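Remember, predicted model here, so these are calculated numbers, not experimental data. Chain letters run A, B, ... following the sequence lines, proteins first and then strands; every chain starts at 1.
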2 protein chains.
Amino acid sequence: MSSNPKSKKQIIFQEAAELFRDKGYPATSMRDLAERVGLKPSSFYSHIKSKEEILQKICFDSAEKFTIGMKEVCDTEATNKEKLQLLIRLHIKVATEDPTTATVFNDEWRHLSEPHLSNFLALRRDYESHFLKIIEAGISTQEFKQISPSLVLYTIINSLRWLHFANKPTKELSATQIENDLIQLLLQGVEKNVL
Amino acid sequence: MSSNPKSKKQIIFQEAAELFRDKGYPATSMRDLAERVGLKPSSFYSHIKSKEEILQKICFDSAEKFTIGMKEVCDTEATNKEKLQLLIRLHIKVATEDPTTATVFNDEWRHLSEPHLSNFLALRRDYESHFLKIIEAGISTQEFKQISPSLVLYTIINSLRWLHFANKPTKELSATQIENDLIQLLLQGVEKNVL
DNA sequence: GTCTATACGATGATAGAC
DNA sequence: GTCTATCATCGTATAGAC
C-alpha cells in the first residue's frame, strides 16, 4: 500500500475543517489554524485566498454530494418508499463517510458571505423540494401516512444530524446495522407492532 | 389587558437572543447588540456583567425546563410508551414556546466558558441518561422495538431540532396538529400500515 | 444610566526580505 | 513558500464626566 502524501493545501483544509467543527467558523482564528498546521499565519496565503475559501469548499462539496445523490434517486425506477429509503441511506452515507466535513456543512454554512450564501441556500431549496415531491407522491399513492410533507421532511433530515459522532458512542454497532435500524425506526417508528 | 413594560435588561436579553440565533454567539458583537437596543455598547454594563452572562442565562434556563419536565415524567405512573410521548411533547413545547431561546440553547452552548460548560454538559448527560432508561425499559417490556437505545434517543431528540422555525413554513398547522402528527411519526413511522 | 473616550488584545490579511 | 513586521479594524470591557 503506497503512502498517501497530502499536499499542504489538503492538510490546511483538513485541519481547518476539524477546527470549524470543534469551535465553529467565527471562533476559529487563522492563528489557531497556523499552530495546528505548523506554519505562521501569513504563510497560508500562498496556498489559499482567504479563510472563507475553506468554508466555501466544505459547504459546496457536501452540497454536491446531496445534489448528485438526489439526482440518482430521482432517476431510479422505484417506489416512493424505496426512494425514501435511498435518501435516508444517502444522508447516513454523507454523515459517516466524512463526519467532520458533514458537521461543518450542517452548522457553519450561515457564515458564508454573499453571493455564496444565496447560492448555497438555492441548492438546499432545490434539494428539499425534490425530497418533498417524493414524500407527497408517497402520500398520494398511500405508501405513506397522511402527515404534513414538510413535517416529515424536516423530521427525517434533522433526525440524522447527530450521526457525525455516531462513531464514538455506538462503536459496537456496524455501519450497516445503524443503517438498517435507522430505516426501520424512521419508516415504522419505535413502537413494536402487535403480531 | 395591562401593557407589559419590559425592563431594559429584559430587552437586552431578548435582542441578544435573536442576534445569537441569527448570527451565532461569537459572530454577535456588543456593537451589533447596542445598535439593536438603541444604546452605546458601554451602556450595557450597567445592566449586565458580560456578554457571556446572557448566553449563560439562555442555556441554563432552557436546560432547567428540560430537567423539570423530565422529573415530572419520571414521577408519573405511566407506561414507557406514554412517558416517551410526554417527552416528545416536552421537546415540542420548549421548542415552540420560545423558539429563539430554544435555538440558542441548541446551537450555542458550546461557547460557554468553564466551569459553565462542564455544568451544562452534566445537566445534559443527566437528562439523556433518564431518557435512555425509559427507552431501555420500553424495549424490555416489548413496548418498543429492539433498536439500539442511544440510536433511538439521538434520533428522536434531533428530529425535533427544526421546530423552532415551524411557525413560518407550516403556519397552516395548529400546534396540537403538529404535536399529534409528530408523535405518530416517531412512534409509528412514515409508512402507512396495511389494514 | 448613559454618554465619550479609551484601553488593549485579537482579528484577517498584506508587504517585502530571503 | 516561509518568514518577520505590520496594518487597519474590530473585539469586550472599563474610567470617569454628566
Let me know the distance between [atom1] of [X] and [atom2] of [N], rounded to the nearest Å.
X        : N       : atom1 : atom2 : answer
Glu35(A) : dG12(C) : CD    : C1'   : 17 Å
Lys49(B) : dT14(D) : NZ    : C1'   : 15 Å
Phe44(A) : dG1(D)  : CZ    : C1'   : 13 Å
Glu52(B) : dT12(D) : CD    : P     : 12 Å
Lys9(B)  : dT2(C)  : NZ    : C1'   : 17 Å
Leu39(A) : dT4(D)  : CG    : P     : 11 Å
Leu33(B) : dT2(C)  : CG    : C1'   : 15 Å
Ile48(B) : dT12(D) : CD1   : P     : 10 Å

Carboxylate-amine/guanidinium contact [X] [Y], below 4.0 Å:
X         : Y         : result
Lys71(B)  : Asp75(B)  : yes
Arg89(B)  : Glu179(B) : yes
Glu143(B) : Lys192(A) : no

Under 6.0 Å between ring centres: does that hold for Phe105(A) and His111(A)?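 No, the ring of Phe105(A) stays outside the 6.0 Å limit from the ring of His111(A), centre to centre.
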
Please pick, from [options], the nucleotide with the shortest atom-to-atom distance to any side-chain atom of [X].
X        : options                  : answer
His47(A) : dG1(D), dT4(D), dT12(D)  : dG1(D)
Met30(B) : dC3(D), dT12(D), dG12(C) : dT12(D)
Arg31(A) : dA13(D), dT11(C), dC3(C) : dT11(C)
Ser29(A) : dT4(C), dT2(C), dG12(C)  : dG12(C)
Tyr45(A) : dT12(D), dG12(C), dT2(C) : dG12(C)
Lys40(A) : dT4(C), dC3(D), dA13(C)  : dC3(D)
Ser50(A) : dT14(D), dA13(C), dT4(D) : dA13(C)

Please confirm whether any donor atom in the side chain of Ser42(A) sits under 3.5 Å from an acceptor in the base of dT2(D), or the reverse. no

Donor-acceptor contact below 3.5 Å, side chain Lys51(A) vs main chain Thr28(A): yes

Set of salt bridge (Lys or Arg N to Asp or Glu O under 4.0 Å) partners for Asp181(A), sequence neighbours left out: none

Bend angle of the helix from dG1(C)-dC18(D) to dC18(C)-dG1(D) from five-pair axes at both ends, rounded to 10°? 0°

For dC3(C), does either OP1 or OP2 sit under 4.0 Å from a side-chain N or O belonging to Ser43(B)?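 So the side-chain polar atoms of Ser43(B) do come within 4.0 Å of the phosphate oxygens OP1 or OP2 of dC3(C), strictly under.
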
Stacked cation flag Arg124(A) on Trp109(A), 6.0 angstrom / 45 deg: yes

